[in-house]
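Only this structure's heavy atoms are used, side chains among them; waters, hydrogens and symmetry mates stay out.
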There are 2 protein chains.
Amino acid sequence: MDARPERFVAPRQQGRRLANPLARKFLNFRQLSRTDEEALDNALERVQRIGSREDIVQQGDAPRFVHVILEGWACHYKHLQDGRRQITSLLLPGDLCDPPMFLLKTAGQSLGTLTAVTLARIPAETMQAITTQSATLQECFWWDMLVRSEIQREWTVSLGRRTATERLAHLFCEISLRLKSAGMTNGVDCEFPVTQADLGDAMGLSTVHVNRSLQELRGGGLVGLRGKRLRIYNEESLRALANFEPSYLHMNQ
Amino acid sequence: MDARPERFVAPRQQGRRLANPLARKFLNFRQLSRTDEEALDNALERVQRIGSREDIVQQGDAPRFVHVILEGWACHYKHLQDGRRQITSLLLPGDLCDPPMFLLKTAGQSLGTLTAVTLARIPAETMQAITTQSATLQECFWWDMLVRSEIQREWTVSLGRRTATERLAHLFCEISLRLKSAGMTNGVDCEFPVTQADLGDAMGLSTVHVNRSLQELRGGGLVGLRGKRLRIYNEESLRALANFEPSYLHMNQ
DNA sequence: CGTGGGCTTGAGCGTGGTCAAGTTGGGTGG
DNA sequence: CCACCCAACTTGACCACGCTCAAGCCCACG
């Protein structure tokens, strides 16, 4: 795990200030004052790179930071003792990994990377500080938490009541939209660096069945998934198949 | 829906102040000052009674209140258009139904009762007020949200990777503990006013299969479930079967 | 050029679903 | 207090979605 501490510097582009990925996400909910934005920039510290398939937080650890993904994908997961694994959430660039978890004494689930990841973190005290200083930021963190919770609920619906193909279709719709809000796709073509085994662990399916369901989606001309890229050929049909209602993601309020 | 507005009055018992169910729950996390406790008592307003199987909030509604269950059971759920239903969470006495959801423009899922329910509510403005006035209360609400989120994650694990019997066993362990923390059971015998159909909708199973799995648990001498009461005969085996690790509920920190 | 991780395919099986018919029992009205 | 009724529960027969095991394939990487 080659960590190399350095302060986060929000990239600037074409003269226009490009918000850091977290600020960018919050903009879906609220305008941020210059002060808020700076507070947020300063809060992110110790940018570090972590390899693929490594743990950032392990089950039982005492949480001391809020992590933010800058690049790469990660996930929360849990192992049962006989080896079964369930991925409970997927974390994309710009995502907060563990909103004020340090209010809890121990992390309930592990947080691991799916690809190489660049991440920043906010120490508990900083979190406390910026959150008491700015009511807006406080609401932003709440908002983020509420949205993740909606996503989690929707996963519950998928795992409980959707068929294998529906689940995958629904997940593709969700991820595509989330990446779009992070400015990482035009909605047609995006990175999707997740193995079929991972997909299975996320959607409660076996690898084999993921593969076959994927073929069904491909066969219907709905999506393409090759070489870590997802292509959505027919978004309308995909959404119809998945019964996808984007409102739960609460984008562009 | 016979609503009869009245202010919430915390019951007193044997000289010792008995906290309102919300305060009581928060005590799992933090001591509350007298001021905090009073603020909380005053925040709860318009106690009302709602019949069984009615909606408190419907999908798409604009949230304006945080509801607190005083008596009875409720649930969040979602219908798919072909009639499939998934219950995404179970709400017990003392539970907050929708933490600061009014930060979101619309409710993603419906909130309905499973039994007759007595509930109080906190208006958005009050929520704002008590939360800015007391850092402790603010943390309490965060804590509650984080715990619900852990529960939600554990459901994801159940639906994704546990067998039917394991799911039910795990749920029984969870509910029993949650009721215990609400002071509503000694850990052996508790109310369980949920039909097998509801259980199926919660755990992603058909009613028929719930029934058969239940018989398996009964046959093993682990639990009894009759007449809206749950009896846990052999907690140890039940937990072992379910692979139940109570830490995710973060009780008695 | 070789190797291993990830993907694909096939065959057989099992958990859990569906459909349909009873049975039980709590709650209501006579 | 009993009779009735309907919702909830139970059982059986059959079926299918998705799992397991096993083998082979592809291709990115060293």
Point to revise | Sub-4.0 Å heavy-atom contacts from residues 77-93 of chain B onto DNA chain D, ordered by number | key: none
Review point. Would you say a side-chain N or O of B:Gln215 is under 4.0 Å from OP1 or OP2 of D:dT11?
Key: yes
Practice item. Check each of A:Lys228, A:Arg231, A:Arg226 against A:Asp189 using the salt bridge (Lys or Arg N to Asp or Glu O under 4.0 Å) test, and report the only one that passes. Key: A:Arg231
Exercise for review: Tell me, please, whether A:Phe65 has A:Arg121 positioned over its six-membered ring: NZ or CZ under 6.0 Å from the ring centre and within 45 degrees of its axis?
Suggested key: yes
Point to revise | Flag side-chain contact, heavy atom, 4.5 Å: A:Ile87 against A:His76 | key: no
Review point. So, B:Arg239 and B:Glu235, do they make that salt bridge, N to O below 4.0 Å?
Key: yes
Practice item. Applying side chain to side chain contact (heavy atoms under 4.5 Å, CB included) between B:Ile232 and each of B:Leu225, B:Val188, B:Leu238, report the one that passes. Key: B:Leu238
Check your understanding: Under a 4.0 Å N-O cut-off, is there an ion pair linking A:Glu174 with A:Arg178?
Key -> yes
Check your understanding: Do NZ/NE/NH1/NH2 and the carboxylate oxygens of A:Glu54 and A:Arg49 come within less than 4.0 Å?
Key -> no
Review point. Is it true that B:Arg148 and B:Asp95 make a salt bridge, defined as a side-chain N closer than 4.0 Å to a carboxylate O?
Key: no
Point to revise | Stretch residues 200-211 of chain B: residues that reach within less than 4.0 Å of DNA chain C through a heavy atom | key: B:Gly204, B:Leu205, B:Ser206, B:Val208, B:His209
Exercise for review: Would you mind reporting whether B:Tyr77 and B:Asp55 have side-chain heavy atoms less than 4.5 Å apart?
Suggested key: yes
Practice item. Would you indicate, yes or no, if C:dG5 has its OP1 or OP2 atom less than 4.0 angstrom from a side-chain nitrogen or oxygen of A:Gln196? Key: no
Check your understanding: How far does the helix from C:dT8-D:dA23 to C:dG30-D:dC1 bend, going by the axes of its first and last five pairs, to the nearest 10°?
Key -> 50°
Exercise for review: For the side chain of A:Thr195, starting at C-beta, report the closest nucleotide among C:dT8, C:dG6, C:dT9.
Suggested key: C:dG6
Exercise for review: Output the residues of residues 157-171 of chain B in contact with DNA chain C, where contact means a heavy atom of the residue under 4.0 Å from an atom of the strand; sort by number or write none.
Suggested key: B:Thr163, B:Ala164
Point to revise | Salt-bridge contact B:Arg161-A:Asp201 (side-chain N to carboxylate O under 4.0 Å) | key: yes
Revision key, fill the gap. For A:Trp73 and A:Ile175, the nearest pair of non-hydrogen atoms, with its separation, is CH2-CG2, 3.5 Å
Check your understanding: Does A:Arg212 put a side-chain nitrogen or oxygen below 4.0 Å from OP1 or OP2 of C:dA11?
Key -> no
**Study point:** A:Thr185: partners by side chain to side chain contact (heavy atoms under 4.5 Å, CB included), with sequence neighbours left out
**Key:** A:Leu179, A:Lys180, A:Cys190
Exercise for review: Taking the six-membered ring for Trp and the single ring otherwise, decide whether the centroids of A:Tyr248 and A:His250 are under 6.0 Å apart.
Suggested key: no
Point to revise | NZ/NE/NH1/NH2 to OD/OE distance under 4.0 Å, A:Asp98 and A:Arg64 | key: no
Would you tabulate the nitrogen or oxygen pairs shorter than 3.5 Å linking the protein to nucleotides 27-30 of chain D?
none

